[in-house]
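Let me begin by presenting the structure, written as structure tokens, before commenting on it.
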Amino acid sequence: MITTLQDTTTLTNGVKMPWLGLGVFLVEEGPELINAVKSAIKHGYRSIDTAAIYENEAGVGQAIQEGLAETGLPREELFVTSKVWNADLGYEATLAAFETSLNKLGLDYLDLYLIHWPVEGKYQDAWRALETLYKAGKIKAIGVSNFQIHHLKTLLETAEIKPMINQVERHPRLTQEELIAFCREQDIQVEAWSPLMQGQLFDNPVLHEIATKYGKSIAQIIIRWDLQQGIVTIPKSTKEHRIIENSSVFDFTLTAEDMAKIDQLNQNHRVGPDPDNFDF
Ligand code: NAD
């Protein structure tokens with residue numbers, strides 16, 4: 001049972017990762033970003049998800065320093081994720097990209113580093129770089145993002161260390177059941193990106209009815225649905241009241257029937273790119 005915002009899932013290597021974190025995709029460097037990350041830390045979030053391509057690692061790093069100073073928390077209490085971008089996939093290139101991210105963030109290690117997209121022919125070499133960095137103690141856990149089952153199978157053929165995480169698009173319109181089942185078999189923790197479908201579910205009548213029944217918002221219902229299925233989730237908001245709202249999901253439990261109603265909203269519909277057909 002997940003009962004607080006600081007509760008963690010234990011990854012295959014024993015590292016503990018918070019079930020709920022803050023995403024900062026499309027938040028530009030500046031006061032909005034700094035305030036969002038700091039208010040998340042102040043309100044109990046312990047996990048922040050960024051990426052090199054978001055071009056906001058420096059601001060995230062600054063907010064982390066300030067957030068830690070203001071709350072008195074030690075660095076080890078936070079779980080910081082970044083991702084290597086497609087242009088930097090390759091053994092040497094990925095090692096260099098990691099150093100750049102680490103410097104921008106102003107940290108001396110990352111909690112989680114992910115291969116952002118499964119670029120064919122490139123992710124195996126990048127994975128070797130992640131393994132090197134992991135063994136050197138510079139990353140506590142390594143993983144992938146946007147990997148379909150076949151990408152994972154290919155990676156597992158040459159990987160020395162299994163990915164601990166697969167961060168994928170997942171929300172009530174894209175429930176990813178097969179991929180989740182495969183990851184469970186392989187002990188790979190699934191993490192949901194765009195859990196709120198980038199705002200496209202807030203007028204859904206089924207979710208509205210469930211939300212009304214529990215006296216919760218649709219965002220809270222979806223986040224709770226992820227957590228009850230053992231999925232790590234990282235909703236994005238820059239507004240303090242929504243950052244608080246999205247973390248106020250530990251005082252109710254969805255019934256099995258309501259969980260199933262949400263599952264049934266699946267249409268295999270993506271808001272982001274298709275990992276089997278992208279050109280970047
Ligand atoms: P999301 O599904 O988290 O939705 C964010 C949108 O919902 C924002 O417009 C926000 O204003 C709105 N919102 C948030 N909370 C709300 C609330 N309580 N009430 C009303 N509106 C609310 O979308 P996202 O940002 O795309 O995904 C979350 C995170 O996932 C990102 O910030 C990023 O860290 C990560 N991500 C990863 C990948 C990847 O390829 N690995 C891709 C996209 C996003």
Side-chain angles (χ1 to χ4, degrees), residues 1-12 17-23 45 47 49 143-152 164-237 242 244-276:
M1 269 293 278
I2 306 169
T3 54
T4 76
L5 181 51
Q6 290 87 36
D7 279 4
T8 52
T9 173
T10 304
L11 306 177
T12 41
M17 174 178 193
W19 286 106
L20 182 51
L22 179 77
Y45 284 66
S47 168
D49 180 89
V144 295
S145 178
N146 300 302
F147 274 46
Q148 306 273 51
I149 294 174
H150 71 93
H151 297 120
L152 289 168
M164 290 139 203
I165 290 281
N166 188 15
Q167 183 188 109
V168 297
E169 182 179 343
R170 132 119 184 158
H171 42 68
R173 291 290 191 214
L174 180 72
T175 52
Q176 299 270 30
E177 276 155 41
E178 265 182 73
L179 180 59
I180 290 172
F182 180 81
C183 287
R184 287 218 171 105
E185 276 166 30
Q186 296 290 332
D187 282 329
I188 298 169
Q189 172 68 52
V190 175
E191 176 176 17
W193 65 252
S194 294
L196 306 177
M197 206 181 169
Q198 296 181 347
Q200 293 181 34
L201 287 165
F202 297 138
D203 56 3
N204 181 277
V206 174
L207 291 171
H208 181 74
E209 193 191 314
I210 297 174
T212 306
K213 175 176 157 188
Y214 291 88
K216 289 282 171 183
S217 69
I218 287 182
Q220 290 169 323
I221 295 295
I222 298 172
I223 293 164
R224 182 76 207 178
W225 167 74
D226 267 330
L227 298 178
Q228 281 186 218
Q229 290 189 355
I231 308 286
V232 169
T233 187
I234 44 169
K236 173 196 130 186
S237 179
R242 285 183 176 159
I244 296 170
E245 176 186 326
N246 293 346
S247 67
S248 305
V249 293
F250 301 100
D251 55 355
F252 72 108
T253 304
L254 295 166
T255 62
E257 194 191 358
D258 289 329
M259 291 290 289
K261 273 190 200 162
I262 303 172
D263 289 339
Q264 283 155 18
L265 294 174
N266 183 45
Q267 295 177 339
N268 296 325
H269 177 76
R270 294 180 185 275
V271 285
D274 180 348
D276 280 323

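- The closest donor-acceptor contact from the side chain of Trp19 to the backbone of Thr8 lies under 3.5 Å.
- The distance from the CG atom of Leu227 to the CD1 atom of Ile2 is 5.0 Å, given to the nearest 0.5 Å.
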task: Starting from the C-alpha separation in whole Å, work towards a yes-or-no answer on side chain to side chain contact (heavy atoms under 4.5 Å, CB included) for Leu174 and Val168.
output: CA-CA 10 Å; Leu174 180 72; Val168 297; over 6 Å; no
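- For the residue pair Ile221 and Phe252, the shortest heavy atom distance occurs at CD1-CE1, 3.8 Å.
- Contacts of Lys261 classified as salt bridge (charged side-chain N to carboxylate O under 4.0 Å, His left out), with partners at least two apart in sequence or in another chain: Asp258.
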query: Where do Arg170 and Ile180 land on the side chain to side chain contact (heavy atoms under 4.5 Å, CB included) test, with the steps shown first?
result: CA-CA 10 Å; Arg170 132 119 184 158; Ile180 290 172; 3.6 Å; yes
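- The two residues Gln148 and Pro275 have their closest heavy-atom pair at CG-CB, 3.9 Å.
- No side-chain heavy atom of Met197 sits less than 4.5 Å from a side-chain heavy atom of Ile222.
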task: Begin from the C-alpha positions of Asp263 and Gln229 and carry the test side chain to side chain donor-acceptor pair (under 3.5 Å) through to its verdict.
output: CA-CA 11 Å; Asp263 289 339; Gln229 290 189 355; 3.0 Å; yes
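- Annotation: the span from Thr175 atom OG1 to Ile262 atom CD1 amounts to 11.5 Å, rounded to 0.5 Å.
- For the residue pair Asn166/Gln186, the side-chain donor-acceptor check at 3.5 Å is not satisfied.
- In this structure, the side chains of Val232 and Met17 come closer than 4.5 Å at one or more pairs of heavy atoms.
- With sequence neighbours left out, Thr12 forms a side chain to side chain donor-acceptor pair (under 3.5 Å) with no residue at all.
- In this structure, the separation between CG on Leu254 and CH2 on Trp225 is 10.5 Å, given to the nearest 0.5 Å.
- In this structure, Phe182 CZ and Ile188 CD1 are separated by 6.0 Å, a value rounded to the nearest 0.5 Å.
- Minimum heavy-atom separation, Leu5 to Leu20: CD1-CD2, 3.7 Å.
- For the pair Ser237 and Arg242, the tightest heavy-atom approach, listed with the atom from each and the gap, is OG-CB, 3.2 Å.
- Rounded to the nearest 0.5 Å, atoms NE2 (His171) and CG (Asp226) are 10.5 Å apart.
- Among Leu201, Ile223, Ile218, the single residue meeting the side-chain contact (heavy atoms from CB on, under 4.5 Å) criterion with Leu196 is Ile223.
- One finds the CD atom of Gln228 at 12.0 Å from the CD1 atom of Ile231 (value rounded to the nearest 0.5 Å).
- Ser247 contributes a side-chain N or O that, together with a main-chain N or O of Ile244, makes up a donor-acceptor pair within less than 3.5 Å.
- Other residues, nucleotides and ligands contribute over 12 non-hydrogen atoms within 6.0 Å of the CD atom of Gln6.
- A donor-acceptor distance shorter than 3.5 angstrom exists from the side chain of Arg173 to the backbone of Leu265, with no hydrogens or angles considered.
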task: Given side chain to side chain contact (heavy atoms under 4.5 Å, CB included), test Asp203 with His208 step by step and report yes or no.
output: CA-CA 7 Å; Asp203 56 3; His208 181 74; over 6 Å; no
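- Side-chain atoms of Glu169 come within 3.5 Å of backbone atoms of Val271 as a donor-acceptor pair (strictly under, hydrogens ignored).
- Judged by distance alone, the side chains of Gln167 and Asp49 do bring a donor and an acceptor atom under 3.5 Å apart.
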- request: Take Leu179 and Val190 through the test side chain to side chain contact (heavy atoms under 4.5 Å, CB included) and record every step on the way to the result.
  value: CA-CA 9 Å; Leu179 180 59; Val190 175; 5.8 Å; no
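- Residues passing the salt bridge (charged side-chain N to carboxylate O under 4.0 Å, His left out) test with Asp251 are Lys216, sequence neighbours excluded.
- The two atoms that bring Asp7 and Met1 nearest to each other are OD2-O, 4.0 Å, heavy atoms only.
- The two atoms that bring Val249 and Gln220 nearest to each other are CG1-O, 3.7 Å, heavy atoms only.
- Between His151 and Asn146, the side chains place no donor N or O within less than 3.5 Å of an acceptor N or O (distance only, hydrogens not considered).
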